[in-house]
Amino acid sequence: MNKKIGVKILGTGSYFPEKILTNSDLEKIVDTSDEWISTRTGIKERRISKKNEPTSELAFKASIEALKAANISPEQIDLILVATITPDMLFPSTACFLQKKLKLISVPAFDLSAACSGFIYGISTAKAFIESGLYKTILLIGAEELSKITDWTDRNTCVLFGDGAGAMVLSASQENDDVLSVFLGADGSYSDLLFLPAGGTVCPVTESTVNEKLHTIKMQGKEVFRAAVPKMVLAAEKALELSCKKLKDIKLFIPHQANMRIIEAVAKKMGISMDRVFVNIYKTGNISSATTITALDEAIKTGKLQKGDIVELVAFGGGFTWGATVIRI
Ligand code: ACO
């Protein structure tokens with residue numbers, strides 16, 4: 001009998017644009033304060049991409065790092081998956097733009113849209129493709145430029161978001177099985193609490209949609225907050241159960257970095273002390289699908305995680321979508 005194909009995580013990488021936008025910079029743009037933003041969200045600064053620096057460019061730079069960390073040549077990649085809600089264009093996919101930059105012509109490439117849970121959905125997709133035997137080595141990216149779909153006159157949203165990209169290389173293995181579990185969920189009935197109204201088929205772009213700024217993020221922050229905490233707890237507990245691990249086995253929890261108060265509430269409800277929870281929101285803001293992977297990459301690079309450690313990633317976002325995964329790095 002053939003042995004089940006396992007998934008090995010070969011390496012991770014990340015990239016942030018150079019420009020830093022601080023809370024005091026924002027004080028000059030909208031009626032806000034460093035004190036309000038810090039206490040309500042935990043964010044102190046975020047990165048902002050250049051005009052001529054599309055999402056695929058951030059994805060490319062993060063991918064190069066991940067390929068280096070994985071110690072493989074790009075030619076070994078046989079599928080490219082990009083989780084994003086800020087694609088270069090509606091089509092072609094950002095994955096196709098990335099494929100061109102990586103010079104991997106003919107390798108299949110597609111985007112995946114699950115908002116802030118995008119990277120967890122991506123891990124689930126990569127795991128399924130590898131286990132099925134269809135693809136052997138997958139480049140998975142979470143990349144966003146939320147600054148480009150932000151209404152910079154709306155203080156309710158513009159203080160929250162940032163830009164960045166993270167990448168992971170996953171490969172088929174007979175010896176390893178590093179993705180111990182994945183749990184996903186969604187509820188489309190909440191689609192009007194966090195969304196981008198114009199630019200799709202419901203509301204094609206017209207002069208009036210632009211004037212009304214319907215091409216920028218709209219969010220009912222309080223309602224999103226209220227839903228995020230229980231769903232993240234549910235996802236984290238389910239993924240833990242499916243992995244057959246216990247809380248004590250998890251070296252580090254890496255939650256979606258949307259709001260420090262959400263992170264603390266989730267940790268408290270799960271009974272996890274904050275010293276086991278990774279936080280970098282103060283310098284990144286919310287970068288949607290890129291948060292968990294860039295945080296994981298930072299935790300690895302700064303020595304907070306060692307080879308063999310077990311980590312849990314958990315996220316919640318527009319859709320609503322939610323998900324968690326227990327992985328061994
Ligand atoms: N500066 C100063 N005051 C502000 C600002 C600001 N930047 N933004 C809002 N306020 C004001 C409001 O106008 C309001 O004033 P009012 O009482 O006079 O009306 C007051 O502050 C309180 O506003 P709330 O909305 O009640 O503030 P809250 O404590 O809920 O925090 C926040 C708002 C930070 C948005 C929070 O609700 C949140 O983090 N929500 C979840 C966001 C999230 O998780 N998104 C997830 C995914 S994103 C994705 O999928 C792309």
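On a predicted model such as this, the values are computed, not experimentally measured, just so you know. For ligands, and for the atoms within them, numbers begin at 1 and follow the listed sequence.
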With nothing but distance in play, are any N or O atoms of [X] less than 3.5 Å from an N or O of ligand 1?
X: Ser288; result: no
X: Gly318; result: yes
X: His256; result: no
X: Trp36; result: yes

State the atoms of ligand 1, each with its element, that fall below the 4.0 Å cut-off from a heavy-atom position in [X].
X: Thr41; value: 34 (C)
X: Leu194; value: 47 (C), 48 (S), 49 (C), 50 (O)
X: Gly317; value: 50 (O)
X: Val159; value: 7 (N)

* **Parallel, tilted or perpendicular: rings of Tyr135 and Phe129 (30°, 60°)** =>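 Perpendicular, since the angle between the ring planes exceeds 60°.
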* Once the angle between the rings of Phe316 and Trp322 is folded into 0 to 90°, is it parallel (under 30°), tilted (30 to 60°) or perpendicular (over 60°)? ->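 Judged by the thresholds at 30° and 60°, the geometry between Phe316 and Trp322 is parallel.
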Closer than 4.0 Å and a protein heavy atom, does any atom meet both conditions relative to [atom]?
atom: atom 14 (C) of ligand 1; answer: no
atom: atom 1 (N) of ligand 1; answer: yes
atom: atom 31 (O) of ligand 1; answer: yes
atom: atom 28 (P) of ligand 1; answer: yes
atom: atom 19 (O) of ligand 1; answer: no

* To do: Check whether any side-chain heavy atom of Ile5 lies under 4.5 Å from a side-chain heavy atom of Ser173, and answer yes or no.
  =>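 The answer is no; the side chains never approach within 4.5 Å.
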Structural part of [X] in contact with ligand 1, heavy atom criterion under 4.0 angstrom:
X: Ala258; answer: side chain
X: Ile217; answer: neither
X: Val30; answer: neither
X: Ile262; answer: side chain

* Over 12 non-hydrogen atoms of neighbours within 6.0 angstrom of CD1 in Ile105 ->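 Yes.
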* If you look only at pairs with a residue in residues 235-260, which of them pass as a salt bridge (charged side-chain N to carboxylate O under 4.0 Å, His left out), with sequence neighbours excluded? ->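 Counting only pairs at least two positions apart or across chains, the salt bridge (charged side-chain N to carboxylate O under 4.0 Å, His left out) contacts touching residues 235-260 are Lys251-Asp309.
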May I ask you to say whether [X] pairs ionically with [Y], meaning some side-chain N is under 4.0 Å from a carboxylate O?
X: Lys127; Y: Glu131; answer: yes
X: Glu18; Y: Arg47; answer: no
X: Lys4; Y: Asp177; answer: yes
X: Lys148; Y: Glu145; answer: yes

Enumerate donor-acceptor pairs with a distance under 3.5 Å from any side-chain N or O in residues 64-80 to protein atoms, sequence neighbours excluded.
from	atom 1	to	atom 2	distance (Å)
Glu65	OE1	Ser14	N	3.0
Glu65	OE1	Lys301	NZ	2.6
Ser73	OG	Glu75	OE1	3.2
Gln76	OE1	Ser73	N	3.1
Asp78	OD1	Lys136	N	3.2
Asp78	OD1	Thr137	N	2.9
Asp78	OD2	Lys136	N	2.9

Protein heavy-atom partner closest to [atom] - residue, atom, separation in Å:
atom: atom 49 (C) of ligand 1; value: Cys116 SG, 2.8 Å
atom: atom 9 (C) of ligand 1; value: Asn156 OD1, 3.0 Å
atom: atom 41 (C) of ligand 1; value: Gly221 O, 3.6 Å
atom: atom 43 (C) of ligand 1; value: Val224 CG1, 3.6 Å
atom: atom 39 (O) of ligand 1; value: Asn259 ND2, 2.6 Å
atom: atom 48 (S) of ligand 1; value: Asn286 ND2, 3.2 Å
atom: atom 22 (C) of ligand 1; value: Arg40 NH1, 3.6 Å
atom: atom 26 (O) of ligand 1; value: Lys222 NZ, 2.6 Å

* Asked: Hey, are Ser289 and Glu144 close enough side-chain-wise for a donor-acceptor pair under 3.5 Å?
  ->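 Indeed, the side chains of Glu144 and Ser289 share at least one donor-acceptor pair under 3.5 Å.
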* **Side-chain donor-acceptor pair present, Ser208, Asn211, cut-off under 3.5 Å** =>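 No donor-acceptor contact under 3.5 Å links the two side chains.
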* Any idea which heavy atoms bring Ile43 and Asn23 closest together, and the distance? ->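 For Ile43 versus Asn23, the nearest heavy atoms are O-ND2, 2.7 Å.
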* Asked: According to a 4.5 Å side-chain heavy-atom criterion applied to Ile, Leu, Val, Met, Phe, Trp and Tyr, with indirect links allowed, do Ile272 and Leu180 form part of one hydrophobic cluster?
  ->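 In one cluster: yes.
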* Going hydrophobic residue to hydrophobic residue with side-chain gaps under 4.5 angstrom, can you get from Leu240 over to Val314? ->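 Yes, one cluster joins them.
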* Closest by any non-hydrogen atom to atom 7 (N) of ligand 1: pick that one out of Gln257, Arg261, Arg155. =>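 Considering heavy atoms of Gln257, Arg261, Arg155, the nearest to atom 7 (N) of ligand 1 sits in Arg155.
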